[in-house]
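Working notes for the structure below.
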Amino acid sequence: QVQLQESGPGLVKPSQTLSLTCSVSGASVTTMYYYWSVIRRPPGKGLEWIGHIGASGTTSYNPSLKDRASFSRDTAKNQFFLHLSSLTPEDTAVYYCTVASINLSFDSWGQGTQVTVSS
């Protein structure tokens, strides 16, 4: 019964940085063999994997976003964070906090949060 809850700014200006908070319950962000990921869906487009942070804090990123995306976490608060810099309107999307087991036998998604990049 892993649950995730997104918290984001809603509206962000171009060139600024998105700070997305993913709050976790039912498991720990340090749980072994779990990937904690952020996935987004731009309007009218398919899902795009941004990256993940693992149990030990190691990270991996979509090559198309690796220069702008970074993960961090607060183990005491059982939260992980995505920072996506140099935002453009093309970053407008619904952002989802997700988790999947290493063998993909389990996954859980948050409800998603709308992020709009506009001046």
Side-chain angles (χ1 to χ4, degrees):
Q1 57 182 69
V2 181
Q3 294 185 321
L4 300 103
Q5 177 68 55
E6 302 89 351
S7 179
L11 180 65
V12 193
K13 294 182 178 181
S15 81
Q16 294 187 336
T17 296
L18 168 65
S19 295
L20 180 71
T21 297
C22 300
S23 298
V24 176
S25 63
S28 171
V29 295
T30 63
T31 298
M32 287 188 290
Y33 310 125
Y34 279 15
Y35 302 98
W36 304 93
S37 298
V38 174
I39 297 169
R40 69 181 182 182
R41 186 192 291 275
K45 299 182 179 180
L47 296 170
E48 181 179 38
W49 177 74
I50 295 174
H52 71 239
I53 184 167
S56 67
T58 56
T59 57
S60 184
Y61 301 99
N62 186 324
S64 69
L65 297 169
K66 66 178 296 183
D67 292 337
R68 298 197 291 127
S70 66
F71 285 99
S72 60
R73 67 184 185 180
D74 185 331
T75 58
K77 294 182 178 180
N78 208 25
Q79 296 176 321
F80 66 101
F81 313 97
L82 171 70
H83 302 281
L84 186 64
S85 66
S86 302
L87 292 172
T88 74
E90 286 69 44
D91 294 308
T92 295
V94 177
Y95 286 73
Y96 298 91
C97 303
T98 75
V99 62
S101 58
I102 193 169
N103 62 3
L104 301 180
S105 65
F106 166 84
D107 70 85
S108 183
W109 292 54
Q111 292 180 311
T113 187
Q114 174 71 42
V115 176
T116 300
V117 182
S118 176
S119 61

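Applying the salt bridge (charged side-chain N to carboxylate O under 4.0 Å, His left out) criterion to R73, with sequence neighbours excluded, gives no partner residue.
Residues S118 and L11 are in side-chain contact: their nearest non-hydrogen atoms beyond the backbone lie under 4.5 Å apart. Contact check for Q5 versus T113: no side-chain heavy atoms found under the 4.5 Å cut-off. Side chains of N78 and S28 form a contact here, defined as non-hydrogen atoms less than 4.5 Å apart. Contact of the S101 side chain with the Y33 side chain is not registered, since no non-hydrogen atoms from C-beta on lie closer than 4.5 Å. Within the 4.5 Å cutoff, no side-chain heavy atoms of Q79 are placed close to those of S7. Contact of the T88 side chain with the P14 side chain is not registered, since no non-hydrogen atoms from C-beta on lie closer than 4.5 Å.
Side-chain contacts under 4.5 Å among hydrophobic residues (ILVMFWY), followed directly or transitively, place L82 together with V2, L4, V12, L18, L20, V24, V29, Y34, W36, V38, I50, I53, Y61, L65, F71, F80, L84, L87, Y95, V99, F106, V115, V117.
The two residues A93 and P43 make their nearest non-hydrogen contact at CA-CD, 4.4 Å. What you find for S19 and P9 is that their closest heavy atoms are O-CD, 3.8 Å.
Note: S86 OG to Q16 CD = 11.0 Å, rounded to the nearest 0.5 Å. Interatomic distance, M32 CE to T30 OG1, rounded to the nearest 0.5 Å: 9.0 Å. Note that CZ of R41 is 12.0 Å distant from CD of Q114, once rounded to the nearest 0.5 Å.
In this structure, the side chain of N62 engages the main chain of W49 through a donor-acceptor pair within 3.5 Å. One N or O on the side chain of E6 and one on the backbone of C97 form a donor-acceptor pair closer than 3.5 Å.
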Given R68 and T17, is the side-chain contact (heavy atoms from CB on, under 4.5 Å) satisfied, shown in steps?
CA-CA 9 Å; R68 298 197 291 127; T17 296; over 6 Å; no
